[in-house]
Amino acid sequence: MSDLVAASDLTRYLKSWRAARGQELGLNGPLPQAKVQQASGKSDKWYRMFEAGLPVKYNAEILQRIADCLNLDHAERMTLFLMTMGVPSPIGVTSNREDPELLPISWVLDQQGPRPAYVSDEDWTIVAFNKAMGQWFPWVAEPDANLMRWTLLHPDARTQLESWESHCRVYLGMIRMEIARRGTDTAIARILLAALEDPIISGFWEEETTVVSNRDGHHFRVQIPRFKGLPVDVISQVFTPVKFPGLRLVLLTWPEGVDGFNAPAVD
């Protein structure tokens, strides 16, 4: 537990949150400890000790389950994490992979505020994304959302990505390199096969042998419904977490007040 607060403070907050949840549900009293204990996936003794502020082992996943059971809002959920782990909770981040070790990465996504950010795996399948990314590109919330599939196969990509053909050629170069690295028995190779049914993409594939390792620092322009189709310039910054070399952490950013750069108007 964080040294920032006393154990009695955690007890007081948890009791208050159980009382509020009980009222929300129309109960005659607080939400019973047993309900929170069941949601936590831990034993009855464990939860009683946890609420009493006594030393017990827990992780971010357990805290998330408790917060969900209590229906905590943004500030309350963050308070729970700060009081127990000394770090904020990953509010505003959607994760498609149940791995508590990815939690620190989701904090990075959340801390980008209005700037879109996401994590993809080695096949460019979306693993996690922040609120801004979901607002700019709603397709990331779809099941098995994949950057390459959307760019190569979805008609929206051809209108929302200015100079779509250039994007397509670069992405095909990245796929070539990935196939050279991992072979053809991969999800990205299967996405490529589907994309090659399109004669335009097939032509690009046959014309070139260019390979591309990444798009770090790439400046490109989008025209998306979020900004009523007005052109917006962004720069992609790509990072690889040392602990997860198969993941890509991508931040979309922009400079302020630079001539010729159409920075988005965001709150």
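All of these numbers come straight from a predicted model, not from anything done at the bench.
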If we ignore hydrogens and angles and just use 3.5 Å, is the side chain of Asn130 paired with the main-chain N or O of Pro116 as donor and acceptor? no
Arg115 versus Met133: any side-chain heavy-atom pair under 4.5 Å? no
Indicate whether any N or O donor in one side chain lies under 3.5 Å from an N or O acceptor in the other, for Arg215 and His167. yes
Do Val222 and Phe137 have side chains that get closer than 4.5 Å, going by heavy atoms? yes
Between Trp124 and Tyr171, ring centroids under 6.0 Å: no
Is any side-chain heavy atom of Leu249 closer than 4.5 Å to one of Phe244? no
For a side chain to side chain contact (heavy atoms under 4.5 Å, CB included) check, start with the C-alpha distance between Thr84 and Leu80, then their side-chain angles and the critical distance, and finish with the verdict. CA-CA 6 Å; Thr84 53; Leu80 175 63; 4.2 Å; yes
Should the heavy atoms of other residues, nucleotides or ligands under 6.0 Å from CD of Glu162 be counted, would the total exceed 12? yes
Which salt bridge (Lys or Arg N to Asp or Glu O under 4.0 Å) pairs, counting each pair once, include a residue from residues 36-50, with sequence neighbours left out? Asp44-Arg48
Specify whether Tyr13 and Trp17 have parallel, tilted or perpendicular ring planes, treating 30° as the upper limit for parallel and 60° as the lower limit for perpendicular. tilted
Short question: side chain of Thr125, backbone of Asp121 - any donor-acceptor pair under 3.5 Å? no
Start with the C-alpha distance between Arg65 and Ser40, add both sets of side-chain angles, then the distance that settles side-chain hydrogen bond (donor to acceptor under 3.5 Å, both in side chains), and finish with yes or no. CA-CA 5 Å; Arg65 291 199 293 261; Ser40 74; over 6 Å; no
Apply side chain to side chain contact (heavy atoms under 4.5 Å, CB included) to the pair Phe239 and Val119, showing each step before the final yes or no. CA-CA 9 Å; Phe239 305 88; Val119 175; over 6 Å; no
All pairs passing salt bridge (Lys or Arg N to Asp or Glu O under 4.0 Å) where residues 243-254 contributes a residue, at least two apart: Glu101-Lys243, Glu178-Arg248
Does NZ or CZ of Arg169 fall inside the cone over Trp205's six-membered ring, less than 6.0 Å from its centre and within 45° of the axis? no
Give the ring-plane orientation class for Trp139 versus Trp150, where under 30° counts as parallel, over 60° as perpendicular and anything between as tilted. parallel
Do Arg21 and Cys69 have side-chain heavy atoms sitting under 4.5 Å apart? no
What is the minimum heavy-atom distance between Val234 and Phe261, and which atoms define it? N-CZ, 4.0 Å
Arg18 side chain vs Leu31 backbone, donor-acceptor pair below 3.5 Å: yes
One pair to check against side chain to side chain contact (heavy atoms under 4.5 Å, CB included): Arg190 and Asp185. What are the steps and the verdict? CA-CA 8 Å; Arg190 289 185 284 276; Asp185 187 20; 3.3 Å; yes
Within a reach of under 6.0 Å around CE of Met49, are more than 12 heavy atoms found that belong to other residues, nucleotides or ligands? yes
Contact summary for Ile188 and Asp123, nearest pair of heavy atoms: N-OD1, 3.2 Å
Should Val36 and Tyr47 count as side-chain neighbours, where that means a heavy-atom distance under 4.5 Å? yes
